[in-house]
Amino acid sequence: MEGQGQMSSSYQRFPTIKIRELKDDYMKFELKNTDPSIANALRRVIIGEVPTIAIDLVEIESNSSVLNDEFLAHRLGLIPLISERAMEMRFSRDCDTCDGDAQCHYCSVEFKLNVKCDSDQTLDVTSLDLVSSDMRENPVVAVDRAADMNVFDPSEQRGIIIVKLRRGQELRLRAIARKGIGKDHAKWSPAATVTFMYEPDIHINENLMETLTLDEKREWVESSPTKVFEINPDTQQVEVADAEAYSYDDEVIKKAEAMGKPGLVSINAKDDSFIFTIESTGALRASQMLLNAIDILKHKLETVRLSPETEEDDAQFIDLEQHMRGGGGR
């Protein structure tokens, strides 16, 4: 029991998430009160284990374009598809309705494409020409954004180009989209990028800073490749302008040492605080990617805890589960 108490005190933490910025395809948030292993596990699950649907089987009936069948099939597979119900769908290998041949609505979505160029003008065949058997699952539409990045003009919607046709050329095919994860193939990953950085903890030695002239302060501030520090125009004091702009390059520390002022600034990474950014391909909303990843992590933890091989260490995994669940804080 004494060992279990020690395990509980070392594992039990209460991670929290604070949303900083949220759009359909972009999310920035703080993850606090946890350790790097959990942060990296979350990042890896978002990239490689959150399921989406993507075209996995292509039956080409007619193709007189300049691209061969294999090239077209590859391009079709990389088109992101809206995958809001992917978590509810079955993997084709686990589907007992169609025996795994992906011919049912439980594990697949059918698309058809039938385009022929009848004019002298080059015809762009795009993802908008794909006709889905399920109106909930359609290709992601690229949209030109207005200058303020918040206003969308529906007239500017455009699909992803698959191939270009000239007069007399045609493309007719049937495609089957299946559920999958990024670990199996990158086409199933919902993430364009997922990154996290340690939150920097920056402290300026005010006493040492006062020994510098204004020109020396300016020279020191400008030694940083990014705008981390600034000089207050009223007080002439050096202040932290944007701590998160620091890229852990140590340039300001090296500059302080070169100026004969070691210890002018101390910069440390907080090992329990992380800043995440998520960019989506459009298959899922960025917020949904995060929620799905948390659910998958919980399921993985339950699978380990309930495994027969770990029954003797069940108390240990209960404490670890509490760490993951964060005491209900998300």
Side-chain angles (χ1 to χ4, degrees), residues 24-27 40-60 69-113 126-128 130-142 159-162 173-196 276-300 303:
D24 283 347
D25 59 353
Y26 178 82
M27 183 179 187
N40 195 46
L42 182 62
R43 183 188 70 86
R44 290 172 66 93
V45 169
I46 294 173
I47 293 173
E49 298 191 48
V50 172
T52 64
I53 63 170
I55 291 175
D56 195 42
L57 174 66
V58 180
E59 298 175 355
I60 296 181
D69 294 354
E70 292 79 7
F71 206 118
L72 286 172
H74 182 260
R75 290 180 65 82
L76 288 166
L78 294 177
I79 294 174
L81 306 176
I82 296 172
S83 306
E84 294 296 332
R85 71 180 187 98
M87 289 286 282
E88 306 167 6
M89 293 176 63
R90 304 169 184 170
F91 289 101
S92 59
R93 60 179 177 270
D94 300 328
C95 186
D96 54 6
T97 303
C98 62
D99 297 324
D101 60 0
Q103 299 295 318
C104 70
H105 69 277
Y106 293 108
C107 67
S108 65
V109 179
E110 183 182 56
F111 290 88
K112 292 185 178 180
L113 189 149
T126 73
S127 55
L128 295 179
L130 288 167
V131 180
S132 172
S133 63
D134 187 337
M135 296 307 296
R136 294 173 296 178
E137 314 294 346
N138 283 300
V140 173
V141 176
I160 299 168
I161 293 181
I162 300 171
L173 58 84
R174 173 176 172 268
I176 300 295
R178 296 170 175 163
K179 177 180 177 178
I181 59 176
K183 286 175 65 175
D184 295 332
H185 194 287
K187 67 183 178 182
W188 278 301
S189 177
T193 60
V194 181
T195 64
F196 73 84
F276 268 80
T277 58
I278 299 175
E279 293 185 32
S280 170
T281 62
L284 290 171
R285 295 189 304 274
S287 58
Q288 193 62 49
M289 291 165 58
L290 175 61
L291 294 175
N292 289 356
I294 292 174
D295 287 341
I296 292 168
L297 274 174
K298 289 180 179 179
H299 178 72
K300 282 177 171 289
T303 301

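Predicted, not measured: the structure shown is a model, and the values here were computed from it.
Residues I294 and H299 have side chains not in contact (no heavy-atom distance under 4.5 Å, counting atoms from C-beta outward). By the 4.5 Å heavy-atom criterion applied to side chains, L173 and L76 are counted as neighbours. Side-chain contact between I162 and I79 is present, with at least one heavy-atom pair separated by less than 4.5 Å. At a threshold of 4.5 Å between non-hydrogen side-chain atoms, the residues D56 and K187 count as touching. By the 4.5 Å heavy-atom criterion applied to side chains, I296 and P51 are counted as neighbours. Annotation: side chain of L42 is in contact with side chain of L297 (closest heavy-atom distance under 4.5 Å). Between V194 and I278 the shortest side-chain heavy-atom distance falls below 4.5 Å. A heavy-atom distance below 4.5 Å is not found between the side chains of P190 and I47.
For the residue pair R178 and S92, the shortest heavy atom distance occurs at CD-OG, 4.0 Å. When all heavy atoms of G48 and I181 are compared, the pair lying nearest together is O-CB, 3.4 Å. Annotation for L81 and A54: closest pair CD1-CA, 3.9 Å, computed over non-hydrogen atoms. Considering every non-hydrogen atom in both S132 and F111, the closest pair reads CB-CE2, 3.4 Å. The nearest pair of heavy atoms linking W188 to K179 is NE1-C, 3.8 Å. Heavy atoms only, all atoms of each residue included: S83 and T52 are closest at OG-CB, 3.5 Å.
Note: F276 CZ to L290 CG = 8.5 Å, rounded to the nearest 0.5 Å. Taking OG1 of T303 as the reference point, atom NZ of K298 lies at 14.0 Å (rounded to 0.5 Å). The OG1 atom of T193 lies 11.0 Å from the CZ atom of R43; values are rounded to the nearest 0.5 Å. Atom-to-atom distance recorded for S108:OG and R90:CZ is 11.0 Å, nearest 0.5 angstrom. Here the CG atom belonging to D69 is positioned 3.5 Å from the CD1 atom belonging to I60, to the nearest 0.5 angstrom. Separation of atoms CG (D184) and OG (S189) is listed at 11.5 Å; rounding is to 0.5 Å.
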Quiz prompt | Steps toward side-chain contact (heavy atoms from CB on, under 4.5 Å) verdict (M289, S280) | solution = CA-CA 8 Å; M289 291 165 58; S280 170; 3.6 Å; yes
Quiz item: Are L113 and L130 close enough, and set up right, to give a side-chain contact (heavy atoms from CB on, under 4.5 Å), and what steps lead you there?
Solution: CA-CA 5 Å; L113 189 149; L130 288 167; 3.6 Å; yes
Quiz item: Would I53 and M89 satisfy side-chain contact (heavy atoms from CB on, under 4.5 Å), going step by step from the backbone distance to the final call?
Solution: CA-CA 9 Å; I53 63 170; M89 293 176 63; 3.6 Å; yes
Quiz item: What's the verdict on side-chain contact (heavy atoms from CB on, under 4.5 Å) for E49 and K300, showing C-alpha distance, side-chain angles and the deciding distance?
Solution: CA-CA 11 Å; E49 298 191 48; K300 282 177 171 289; 2.7 Å; yes
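Within 6.0 Å of CZ in R44 there are 12 or fewer heavy atoms belonging to other residues, nucleotides or ligands.
In terms of modelled atom types and a separation under 3.5 Å, the side chain of R75 and the main chain of I161 share a donor-acceptor contact. Under the 3.5 Å distance criterion, the side-chain polar atoms of S133 are matched with a main-chain donor or acceptor of E110. Side-chain atoms of S127 never come within 3.5 Å of backbone atoms of G159 as a donor-acceptor pair (strictly under, hydrogens ignored).
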